A.B. asks: 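Take a look at this one; I'll ask things after.
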There are 2 protein chains.
Amino acid sequence: MGKGAETRERILDIAQASVLAKGFGATSIDEIIAEAGITKSGFFYHFKDKNELAREMLRRFIDENDRVFDEIFSRGRELSDDPLQALLISLKLLAEVLRDAQTQHPGCLVASICYQERLFDREVVDLAKQGTMNWNARFRSHFAEIAAIYPPRGARVEDLADTLACVIDGGIILARLMNDPGRLERQVLNFRSLVGLVFSPDAAASKPLRVASAA
Amino acid sequence: MGKGAETRERILDIAQASVLAKGFGATSIDEIIAEAGITKSGFFYHFKDKNELAREMLRRFIDENDRVFDEIFSRGRELSDDPLQALLISLKLLAEVLRDAQTQHPGCLVASICYQERLFDREVVDLAKQGTMNWNARFRSHFAEIAAIYPPRGARVEDLADTLACVIDGGIILARLMNDPGRLERQVLNFRSLVGLVFSPDAAASKPLRVASAA
DNA sequence: CCAATCGCTGTACCAGCGGTGCAGTTTTTG
DNA sequence: CAAAAACTGCACCGCTGGTACAGCGATTGG
């Protein structure tokens, strides 16, 4: 890596940490260059404006995210031949990864961008959109594969992939707002249980210990 | 309503529309006062700073939200004595309201604030937190009531309330990002199906028409 | 070895933003 | 009719993203 690329990466690292901690709008260029030990001219040599910074950050973030997810879901496949079991394993791994990642930086750039749409240009928004579509497609095909074996009950399989995206994005918001990192993990695990319920071969799979109360 | 309160409300209306459309950071005071037909001094006569504007906006928003939700969930109770049926009815109504409200204002202020935390002071964040806690408490007690009659299967009842919040917040993000308003409604309806599954008195309740495929 | 490119620095400047201070004026109301 | 409320007008501040451009040392391909 040449010296230029090195500085560029350093800028992106600093910016990403700041954006995830306090949002894009609250992250000033002056702040970034101070921490990076460069001048304003130096910054604009690498990025023509703040939009380009956002775009490159998002690209990196999505790539890294895809890498982690690929690992999690191929690991699930490794550990079980059954697609349902594989998914349930992967969801457990996902919950753990999200729990641990939270101490590092508890935010989702995509959602952050979504809520400040007008600050960004089309390219940035499209990138966020594409990233979300890719990751939903992954789940949709996984669910379709499972549904071919275990007839789903109750829920619409096509919407389950979106539900997972919602649970993660919503979980991040909840965990942040409530200052309770465990909430995100619990939500993913709860989703996992629901998936198990939807595709359970028979109702007996999770028969509860009959509650001795009303009705 | 005196003239002062009238102007104040007008400012809040304009600000809210702008914030929901393009985010808090992208909403400038100059813009608001231009549309309201007042001067900058006039604005600061009503609100000492942008934080106070955010706070009052949020207060109004949460109150209005609570009002709508109260109506939806009391309507559910009216239409059925059974708490599970009441909730399922309410969730259908909720899905419809969210679908229709989206053309009006397609955002959730609370999440918007969460993602720009550092722009706001403690008071604003606490207000958002309190609002979310109140609305989750509502669902938690509703679910507890149902669980006392219908033993839940699979999912943890304590987390289901959070899941609904996640589905709504996440659904808003997804609908915005994908420019597909229907997604939010589908997600709430899907959640409704999952609730039905968790609390269904017996497995037969939603037996699917057996798929003639693999396995 | 030298010239060109790379990777910056330094300086000067711009408009828009949130915000302050304060004196003065109109409008409302008890 | 006077006091209080609801503003206006203007000057000014620091920070922000962003532009323009001249220059300078290190690296590198011909």
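Note that this is a predicted model, so its numbers are computed, not measured. Protein chains get the first letters and strands the later ones, always in sequence-line order, with residue 1 at the start of each.
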A.B. asks: Within the structure provided, determine whether A:Pro83 and A:Ile149 are in side-chain contact (heavy-atom separation under 4.5 Å).
C.D. replies: yes
A.B. asks: Rounded to the Å, how far apart are B:Glu6 CD and C:dT28 C1'?
C.D. replies: 12 Å
A.B. asks: Run the salt-bridge test on A:Arg186 and B:Glu158 with the 4.0 Å N-O cut-off and return the result as yes or no.
C.D. replies: no
A.B. asks: Taking side chain to side chain contact (heavy atoms under 4.5 Å, CB included) as the criterion, tell me which of A:Ile168, A:Val68, A:Ile172, A:Leu93 meets it with A:Leu98.
C.D. replies: A:Ile168
A.B. asks: Tell me, do A:Phe69 and A:Val97 make a side-chain contact under 4.5 Å, heavy atoms counted?
C.D. replies: no
A.B. asks: Please report, rounded to the nearest Å, how far the P atom of D:dT16 is from the CZ atom of A:Phe47.
C.D. replies: 19 Å
A.B. asks: Just how far, in rounded Å, is C1' of C:dT20 from CZ of B:Phe44?
C.D. replies: 9 Å
A.B. asks: Atom CG of A:Asp30 and atom P of D:dG18: how far apart are they, to the nearest Å?
C.D. replies: 11 Å
A.B. asks: Decide yes or no for B:Ile29 and B:Phe44: does some side-chain heavy atom of the first lie under 4.5 Å from some side-chain heavy atom of the second?
C.D. replies: yes
A.B. asks: With a cut-off of under 6.0 Å to the ring centre and 45° to the axis, is A:Lys50 in cation-pi contact with A:Phe24?
C.D. replies: yes
A.B. asks: Find the distance B:Lys48:NZ to C:dT20:C1' and express it as a whole number of Å.
C.D. replies: 14 Å
A.B. asks: How long is the line joining CD of A:Glu9 and P of C:dG7, in whole Å?
C.D. replies: 13 Å
A.B. asks: Between A:Asp49 (CG) and D:dG17 (C1'), how many Å, whole number?
C.D. replies: 9 Å
A.B. asks: Summarise how protein sits on nucleotides 1-9 of chain D as a single string, 5' to 3': B when a protein heavy atom is under 4.0 Å from the base, S for sugar-phosphate-only contact, - for no contact.
C.D. replies: ----SBBBB
A.B. asks: Please report, rounded to the nearest Å, how far the P atom of C:dG7 is from the CD1 atom of A:Ile11.
C.D. replies: 12 Å
